[in-house]
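Here's the structure we're looking at; comments come further down.
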Amino acid sequence: MNPYAHIRDLPAHAGETVELRGWLCGRRTSGKLIFALVRDGTGVCQCVVEAKTPDAFAVAERAPLESSVILRGVPRADERAPGGIEMHVADFTVIQGREGYPIARKEHGVDFLMNHRHLWLRSLRQTAILRVRHTLVAAARRFFDERGFTLVDTPIFQPGAAEGAGSLFPVEYFGERVYLAQTGQLYLEAAAMALGRVYCFGPTFRAEKSKTRRHLTEFWMVEPEIAFAELPDLMDLAEAFVCQLVEAALRERRDDLQRLGRDLAALERVAPPFPRITYTEAAELLRSDATHQRLVVELEADRARLTDSMRRLAELEARRHSETKAWRQDKLDDEIAALREELRELETDLANRPAHIESARRFQWGDDLGGDEETILTRQFDRPVIVTRYPRQCKAFYMKPAPDDPRVVLNLDVLAPEGYGEIIGGSQREDDLDALCARMKEEGMDPEPYEWYLDLRRYGSVPHGGFGLGIERTVAWICGLRHIRETIPFPRLIGRATP
RNA sequence: UCCGGCGUAGCGCAGUGGUAGCGCAGGUGACUGUUAAUCACUUGGUCGUAGGUUCGAAUCCUACCGCCGGAGCCA
């Protein structure tokens with residue numbers, strides 16, 4: 001018999017005596033009553049300890065926050081309890097705990113929280129994100145497993161660069177120099193020629209010195225690769241894949257998404273068909289007068305919003321100044337802080353916008369789509385958009401040029417809505433040996449380390465392709481997070497590799 | 001690498017040249033239904049570091065360090 005109950009299952013045990021194991025995450029006292037909040041990973045339960053059980057009362061009164069505890073008692077439905085059910089405690093035992101738990105219920109700064117990431121993970125918000133991440137990872141694997149894909153693990157130590165060499169982490173490997181993987185793709189192509197439909201799912205590393213809310217130096221990518229697949233097949237697969245991820249999150253993690261304040265209606269709109277445009281169409285859209293007009297109007301509207309917010313801030317500050325009651329001052333301080341934060345963001349955004357608008361209007365065919373262009377594009381649609389056929393000079397050597405227009409390659413990017421940017425990048429691969437060699441020569445690449453890769457075009461080459469989806473950007477989008485650092489348990493960012 | 005912002009108690013912040021402050025957390029006490037409980041009292045400071053200006057610097061200047069955001073680059 002298992003004598004312990006999980007908080008999630010308490011309603012089924014109402015009226016019975018059960019034992020809970022968990023951590024004390026909050027406490028309110030009221031004379032001869034203690035309300036202890038206990039979490040166990042499945043939920044949070046309010047536990048009531050009364051003075052008429054003096055032993056339990058004495059322990060509950062002194063137990064430091066975040067002590068590990070074992071409680072025996074009777075769960076009872078009670079509408080006064082958060083969650084509708086509470087434990088009436090008979091025994092309260094502390095396994096271990098001490099004073100000084102660093103994270104309080106009030107807000108903390110980013111740096112402090114990042115330094116305490118190992119403890120920050122315990123918070124309701126972080127556990128909600130971790131569960132969504134888990135659901136997306138599981139759904140991604142299920143998606144490919146159900147479609148006959150075989151999981152093939154690709155190496156982390158790799159001899160050379162698949163893409164830009166400036167972004168690799170070098171590692172000393174018994175006197176040789178190797179690099180941490182930034183994609184498993186080349187190896188996956190080899191596996192696709194063996195198994196037909198394959199995917200890999202692992203960490204990837206980029207040494208770019210990007211210090212933004214969208215970048216990690218270590219992130220997880222799921223990459224399918226399919227023999228005999230051509231660009232339209234890849235678009236269909238990517239569309240179905242993204243839809244299944246969103247559906248899984250909505251079905252299995254609705255509560256967590258709500259706790260995170262996610263606008264669920266925006267996610268419900270994610271359904272096929274996704275708009276599909278070519279790079280050339282995207283470039284025309286960016287340069288068009290209509291787009292320019294719209295952006296200018298939006299900018300003016302947001303400027304008005306800024307002035308408005310500044311007026312409101314001044315008003316609040318004046319009220320704060322003349323306010324005499326401490327608790328009202330406190331309330332006003334909170335409002336002022338929130339407004340200041342909002343203003344700071346809006347100001348940065350507005351400061352960048354004229355440059356964005358200008359760069360959109362002056363966008364030249366052949367330029368790569370940067371973050372700003374992506375944002376402007378995705379604002380025109382209410383669901384992810386698929387952009388295909390980029391100029392070949394923007395893209396990697398292994399992408400296959402379009403037979404009907406050799407200036408462009410048969411690639412696809414999927415851009416998430418609401419400003420979250422690229423979540424999928426992929427392409428049909430060059431399957432012709434001579435064309436591939438010519439392209440590598442053009443790029444000034446040494447073919448020697450790639451001989452094994454070229455073998456794939458020598459012995460039974462077929463049209464094939466695949467794509468990669470960045471898990472963290474997907475988690476950020478689906479959870480509606482401002483910053484990618486919360487999407488992974490222990491983020492690795494430029495300038496931070498601890499804890 | 002460049003641009004901007006920030007650095008004041010354990011945490012979050014106010015303080016624009018004249019005695020170092022507020023809230024939370026911690027401590028003591030009151031309270032039998034709290035929801036970030038409330039109330040009273042209370043502990044806690046090398047104002048990032050170094051130099052400079054000044055009768056006097058948290059406040060002004062210079063350099064450096066750290067953090068945040070953005071650009072470039074990228075998923």
Side-chain angles (χ1 to χ4, degrees), chain A residues 25-37 44 46-52 57 64-65 78-83 86 88 99-116 163-164 166-167 182-183 204-223 317 320-321 326-327 329-334 336-337 340-341 344-345 347-353 355-356 359 368-372 374 394 396 413-416 420-426 467-474 476-477 482-485 493-496:
Chain A
C25 60
R27 174 175 44 211
R28 296 179 285 272
T29 67
S30 182
K32 301 290 183 284
L33 266 186
I34 297 169
F35 299 97
L37 293 174
V44 178
Q46 172 164 291
C47 301
V48 185
V49 191
E50 297 182 59
K52 62 189 179 194
F57 193 86
L65 272 186
D78 192 315
E79 61 179 15
R80 293 169 297 186
E86 64 186 12
H88 291 261
E99 292 296 342
Y101 185 72
I103 299 184
R105 304 183 79 128
K106 264 241 163 168
E107 333 163 9
H108 295 284
V110 171
D111 193 40
F112 179 82
L113 288 172
M114 292 295 285
N115 286 334
H116 295 83
E163 301 179 28
S167 60
Q182 54 176 198
T183 170
T204 54
F205 306 87
R206 304 277 164 99
E208 278 131 19
K209 298 198 166 145
S210 299
K211 224 179 147 135
T212 79
R213 64 181 69 175
R214 302 183 307 280
H215 287 86
L216 293 164
T217 55
E218 178 181 316
F219 65 98
W220 286 66
M221 197 153 64
V222 53
E223 298 176 86
E317 276 172 338
R320 166 70 175 80
H321 210 69
W327 66 273
Q329 288 180 348
D330 202 26
K331 264 215 158 94
L332 285 169
D333 282 342
D334 284 354
I336 288 169
R340 279 202 181 127
E341 167 79 29
R344 254 198 302 276
E345 276 199 30
E347 269 171 0
T348 328
D349 185 32
L350 283 173
N352 291 331
R353 288 270 279 285
H356 294 187
S359 84
D368 207 352
L369 292 174
D372 322 335
E374 284 180 359
C394 305
D413 279 2
V414 178
L415 308 180
Y420 283 93
E422 184 178 348
I423 52 172
I424 282 181
F467 57 79
L469 173 132
I471 284 294
E472 286 75 16
R473 284 193 180 172
T474 307
W477 164 48
R482 218 175 60 78
H483 201 295
I484 201 165
R485 66 184 153 226
L493 302 150
I494 181 152
R496 177 179 295 277

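Quick caveat, the model's predicted, so the values are computed rather than measured. Reminder, nothing fancy here: chain letters follow the sequence lines and each chain counts from 1.
For the C1' atoms, the distance from B:rA9 to B:rG17 is 24 Å, rounded to whole Å. Distance noted for atom P between B:rG18 and B:rC13: 24 Å (whole Å). Using C1' as the reference atom, B:rU49 and B:rG26 are 29 Å apart when rounded to the nearest Å. Spacing of P atoms, B:rU38 relative to B:rC24, comes out at 8 Å, to the nearest Å.
Base pairing of B:rG66: its partner is B:rC6, meeting the Watson-Crick or G-U wobble criterion (both donor-acceptor distances under 3.5 Å). Within the shown strands, nothing qualifies as a pairing partner of B:rA14 under the Watson-Crick or G-U definition with both distances less than 3.5 Å.
Rounding to whole angstrom units, CZ of residue A:F112 and P of B:rG48 are separated by 19 Å.
Shown here for A:I494 and A:K209, the closest heavy-atom pair between the two residues is CD1-CA, 3.4 Å.
No donor-acceptor distance shorter than 3.5 angstrom exists from the side chain of A:S210 to the backbone of A:T212, with no hydrogens or angles considered.
Residue A:K211 places its side chain closer to B:rC68 than to any other of B:rC74, B:rG33, B:rC68. Across B:rG12, B:rC73, B:rC74, the shortest atom-to-atom separation from the side chain of A:R206 is found for B:rC74.
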Could you pull out the protein-nucleic contacts involving nucleotides 28-32 of chain B (nitrogen or oxygen on both sides, under 3.5 Å)?
residue, atom, partner, partner atom, Å
B:rC31, N3, A:G31, N, 3.0
B:rU32, OP2, A:K32, N, 3.4

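Regarding contacts with the backbone of B:rG69, a side-chain N or O of A:H483 is found under 4.0 angstrom from either OP1 or OP2. For the OP1/OP2 pair of B:rG70 and a distance below 4.0 Å, the side-chain nitrogens and oxygens of A:R213 include at least one atom meeting the criterion.
In this structure, A:Q46 reaches the bases: a heavy-atom distance under 4.0 Å links it to at least one base atom across the strands shown. Nucleic acid contact class of A:G109 (heavy atoms, under 4.0 Å, all strands): sugar-phosphate only.
Shown here are the salt bridge (Lys or Arg N to Asp or Glu O under 4.0 Å) partners of A:D368, two or more places apart in sequence or in another chain: there are none.
Where A:D111 and A:E422 meet RNA chain B, the nucleotide closest to each residue was compared, and A:D111 sits on the side nearer the 5' end.
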